[in-house]
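First comes the structure, then the notes that go with it.
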Amino acid sequence: MSGEKRIPDSSCSTTPPFFLERGVYTYTSVSVICKGDDSSARAEQWVYQIVLALLLRVLSTKMTMRTLFLFLLLPFIASCAALPPVENAHQLESMPQHFSLVAGSIDLSTEWWQDFNSEELNNLMAEAVNENFTVREAYARLSQAHYAALKAGAAQWPTISASAGADHTDIKNDNNQNLDDYDTWSLGLSASYEVDLWGRVQAEKESDTLLASASAEDAKAALLSVSGQIAENWISLISNRGQQQLFQRQLELQRQQLHLVFLRFPLAKATALDIYHQQQTIEKLDAALISLKSKEKTIQGQLAFLLGKTSLDPQRLQADRFPVLPEIPGIGLPSDLLGQRPDILAAGLRLAAGQRDITVAQADLLPTLKLTASHSFSSDGLSSLFDNWLRNLAANILAPLLDGKRRKNELERVRAIVQERLAVYGRTVFTAIREVEDSLVDEKQYGDSIASLTRQQELSNRTIREARTRYLNGTSDLFNVLREELNMLQVEQDLITSEEKMLAARVRLYKALGGSWMDRYPQTRPQ
């Protein structure tokens with residue numbers, strides 16, 4: 001770009017192409033540090049010499065109006081010497097142009113769980129937004145980052161302080177007799193201001209502001225993650241109850257079958273072995289039901305924890321049927337994730353903040369200029385306090401000479417941090433793309449599995465009817481009936497599990513897509 005500052009001896013790096021204009025703070029494009037010539041460095045030296053000449057002029061003359069004007073002019077001259085961050089964004093390499101299975105646009109402005117059409121789930125989500133511990137922690141960290149950004153911005157303003165004092169003095173001789181005593185009164189006002197010669201203060205403010213924006217995205221990411229956990233546990237609870245109902249029906253059926261075996265035994269149409277097999281089947285079903293009921297309690301406890309409670313009223317968790325999902329929606333393009341996923345936005349904002357930190361570290365290698373002014377009053381009497389006064393106006397410049405390369409090493413450390421954040425950003429982007437792809441594949445796979453299991457269920461029903469008929473006619477033994485009934489039980493259980501996993505895959509898809517629906521929650525903004 002025109003007028004771009006290039007920093008010598010640094011490597012070029014890929015950065016996020018853009019950020020959307022949404023959220024608490026304004027997102028900016030992320031720059032990249034590239035090798036360049038020393039023309040800008042020479043320009044900085046000229047500006048530095050001009051500022052130094054003005055400073056020597058101030059210190060070598062009396063405090064006239066012209067001198068005061070030069071003091072006031074220094075900040076404006078300094079603004080021309082600032083070290084701007086590099087703004088040279090590049091597209092991520094190897095990003096796919098579209099997803100492999102589904103294309104088209106999707107509306108991510110509304111809460112994704114509305115697609116489940118469950119008032120029970122909606123109520124759980126509404127409570128979790130305010131009560132979940134993870135979300136509340138993220139909101140607290142957001143407030144911390146917000147006030148840290150305000151604190152950094154305060155350095156752009158002068159510091160003004162006031163002082164007042166009173167002192168009583170007694171003068172005595174060797175005999176402890178009073179020779180004299182007097183009071184001293186003082187009142188003072190002082191101000192100091194660091195001229196932001198190289199843009200260090202501004203860069204610190206921008207860095208903290210970007211970090212605050214990243215914290216806002218972290219809060220949204222926490223909300224997105226918690227909503228997914230609640231939905232997955234809710235779906236798991238429905239699956240558990242469906243399996244309990246399945247095992248309960250099978251248990252009643254097997255008990256009826258045992259009663260039938262007992263009736264057939266005196267007629268020599270059933271054996272003791274048939275009775276033992278039937279009793280074993282009933283005990284296995286009882287054991288499975290005990291395990292499922294225990295798991296139900298565990299899931300309810302997990303849901304209570306996600307809502308910031310120790311327990312939930314069982315009346316709030318009555319759903320026992322899976323919701324009917326609509327068709328897989330259009331999910332847009334992979335590049336859309338850059339503006340939809342809060343974790344991607346947070347990683348990019350931290351990368352941008354790191355590049356502002358490079359400006360700070362560079363500025364620490366250069367001289368600093370500080371203006372100070374004071375006005376003080378002192379007197380032996382309170383009534384004449386304002387008769388004696390002293391006014392002082394000064395400028396101090398501090399330039400690093402020898403520091404054991406501490407500042408130079410700090411600059412290199414910050415550059416390494418930027419490279420790390422760049423890698424984190426790339427990993428986050430490609431992880432998001434992989435999560436979307438995996439969710440699409442999983443949902444399709446479980447959908448196909450459900451279709452296959454449904455066909456198996458129909459065949460199992462026919463097989464069981466045939467096996468029971470043959471057993472009652474005495475042409476087959478009970479073992480064949482039990483085997484087919486257990487096969488049927490396994491098919492129905494697999495069907496419930498596949499439906500659960502398909503719904504969980506849809507939840508993961510919604511989480512992977514992100515969206516703007518999180519912007520409507522006021523808790524994600526500092527109050």
Side-chain angles (χ1 to χ4, degrees), residues 3-10 25-26 28 30-34 36 38 40-52 54-55 71-88 145 147-160 191-214 349-372 394-418 421:
E4 175 181 282
K5 166 142 184 77
R6 296 184 176 272
I7 303 169
D9 301 327
S10 60
Y25 302 94
T26 299
T28 60
V30 177
S31 58
V32 64
I33 304 170
C34 298
D38 296 333
S40 58
R42 288 196 296 270
E44 291 168 7
Q45 293 177 2
W46 280 104
V47 174
Y48 167 67
Q49 292 176 7
I50 294 173
V51 173
L52 182 60
L54 288 172
L55 176 63
F71 264 94
L72 298 176
L73 189 62
L74 278 175
F76 297 97
I77 298 176
S79 64
C80 299
L83 301 175
V86 182
E87 299 292 345
N88 187 14
Y147 291 112
L150 295 179
K151 178 182 176 182
Q156 293 181 313
W157 296 87
T159 300
I160 302 176
S192 63
Y193 174 71
E194 179 182 343
V195 180
D196 195 12
L197 287 175
W198 320 113
R200 181 186 65 81
V201 177
Q202 177 65 23
E204 285 183 340
K205 176 187 176 181
E206 291 178 358
S207 176
D208 284 348
T209 300
L210 289 168
L211 290 177
S213 296
L349 289 164
R350 288 189 172 90
L351 177 56
Q355 296 194 333
R356 270 63 176 182
D357 293 338
I358 290 180
T359 300
V360 175
Q362 285 181 308
D364 284 341
L365 297 171
L366 302 173
T368 58
L369 176 63
K370 197 167 191 178
L371 305 179
T372 59
N396 300 296
I397 191 165
L398 178 64
L401 296 179
L402 295 174
D403 63 354
K405 294 187 177 180
R406 179 181 63 83
R407 292 176 175 84
K408 178 66 175 178
N409 292 332
E410 174 64 15
L411 175 59
E412 296 303 323
R413 186 187 74 85
V414 174
R415 284 175 174 169
I417 290 176
V418 171
R421 292 180 179 177

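Position 1 is the first residue of the sequence, and the numbers go up from there.
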Pairwise distance [atom1]([X]) to [atom2]([Y]) - rounded to 0.5 angstrom:
| X | Y | atom1 | atom2 | result |
| --- | --- | --- | --- | --- |
| Arg356 | Gln202 | CZ | CD | 9.5 Å |
| Gln156 | Glu194 | CD | CD | 11.0 Å |
| Ser207 | Arg350 | OG | CZ | 11.0 Å |

Is any side-chain heavy atom of [Y] closer than 4.5 Å to one of [X]?
| X | Y | answer |
| --- | --- | --- |
| Leu349 | Leu211 | no |
| Leu411 | Ile358 | yes |
| Lys370 | Val195 | no |
| Arg200 | Asp196 | yes |
| Ile417 | Asp357 | no |

Minimum heavy-atom distance [X]-[Y], with the two atoms named:
| X | Y | result |
| --- | --- | --- |
| Leu197 | Pro367 | CD1-O, 3.9 Å |
| Tyr193 | Trp157 | CD1-C, 4.1 Å |
| Ala212 | Ala149 | CB-CB, 4.3 Å |
| Ala191 | Ile160 | CB-CG1, 3.9 Å |
| Val418 | Leu351 | O-CD1, 3.4 Å |

### Task
Identify, with sequence neighbours excluded, every residue that meets side chain to side chain donor-acceptor pair (under 3.5 Å) alongside Asn409.
none
### Task
Not counting sequence neighbours, which residues clear side chain to side chain donor-acceptor pair (under 3.5 Å) with Glu410? List them please.
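Expected list: Arg413.
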### Query
Pick from Thr359, Thr209, Val360: which one makes a side chain to side chain contact (heavy atoms under 4.5 Å, CB included) with Glu204?
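The single option meeting the side chain to side chain contact (heavy atoms under 4.5 Å, CB included) with Glu204 is Val360.
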### Task
For Asp364 and Arg407, indicate whether the former's side chain and the latter's backbone hold a donor-acceptor pair under 3.5 Å.
no
